[in-house]
Amino acid sequence: DFLIPEVFNRVNNYLLQVLQKFLDEGVVAHSSINSLRELLLKNEDVIRQLNSHDFIKSLVHLVMPDRASLLDRAMGRPTTLLLDMIRNREGPFERGVISAPFHAFCADLHPLFNLAPGQRIYPAHLLDALLQCNWLDCGRVTSAEFSTRRHVYCAPELIHASKSELRRMVEDAINMRGA
């Protein structure tokens, strides 16, 4: 009733054209993603070597979001060990909290793993493993005692800990590592 028949027909035709355009592009996008997936699977060795590049990581996760990705397989044993350490609360995960800078945290993990030449644990691997283990992103945490902000992740059982408690635990963990 709001639109007169002439306007209604114009709007309806326009919306049908938009729908058809998305349907057409969706078919093209779907076939492109399948082609890309096949290409990545055929070149898995190259992907393993380039797994530190953000573009490659994004590409693999875009076309293979099923979590059985080439990146996960490329990391192989280190990823499994990382998940085990987090779940069992071993090493730097013992206290149930970790904080940024995550690249430095990952560098501290390297001696704990027997990595092949060129293999590294990157912050993306760490953060993905934390999420798989249900750790919580607490954001950038500050407290009255510690005024600088630190990005903090905590184990699920610490969900009710105050920001001050989390920050104190982070600082204690950092001091222990430095000692």
Near R87 CZ, under 6.0 Å, is it more than 12 heavy atoms from other residues, nucleotides or ligands?
yes
Are there over 12 heavy-atom neighbours, none belonging to E90, within less than 6.0 Å of that residue's CD?
yes
Spacing of [atom1] belonging to [X] relative to [atom2] belonging to [Y], to within rounding of 0.5 Å:
X	Y	atom1	atom2	result
R95	I174	CZ	CD1	10.5 Å
L109	L126	CG	CG	6.5 Å
L158	W135	CG	CH2	7.5 Å

Under 6.0 Å between ring centres, would you say that holds for Y153 and F105?
no
For a side chain to side chain contact (heavy atoms under 4.5 Å, CB included) with D84, tell me which candidate from L82, N88, I86 qualifies.
N88
Where is the tightest heavy-atom contact between C106 and I121, given as atom of each residue plus distance?
CB-O, 3.2 Å
Closest non-hydrogen atom pair, P92 against M85:
CD-CE, 3.7 Å
Has the side chain of [X] got a donor or acceptor atom that lies under 3.5 Å from a matching backbone atom of [Y]?
X	Y	answer
R167	V141	yes
S99	V170	no
K163	R140	no
H103	P123	no

According to salt bridge (Lys or Arg N to Asp or Glu O under 4.0 Å), who are the partners of R168, at least two apart in sequence or on a separate chain?
E145, D172
Applying salt bridge (Lys or Arg N to Asp or Glu O under 4.0 Å) to E165 and not counting sequence neighbours gives none
Are any non-hydrogen side-chain atoms of R150 and P101 less than 4.5 angstrom apart?
yes
Checking ring-ring contact (aromatic ring centres under 6.0 Å, His included) for the pair F102/Y122: CA distance, chi angles, key distance, verdict?
CA-CA 8 Å; F102 298 118; Y122 292 92; over 10 Å; no
Worked check of side-chain contact (heavy atoms from CB on, under 4.5 Å) between C154 and I159:
CA-CA 7 Å; C154 75; I159 190 170; 5.7 Å; no
Distance alone, cut at 3.5 Å: any donor-acceptor contact between the side chains of N175 and E171?
no
Test I98 against L130 for side-chain contact (heavy atoms from CB on, under 4.5 Å), laying out the working first.
CA-CA 10 Å; I98 68 163; L130 291 170; 3.4 Å; yes
Do L81 and L127 belong together in a cluster built from hydrophobic side chains that touch within less than 4.5 Å?
yes
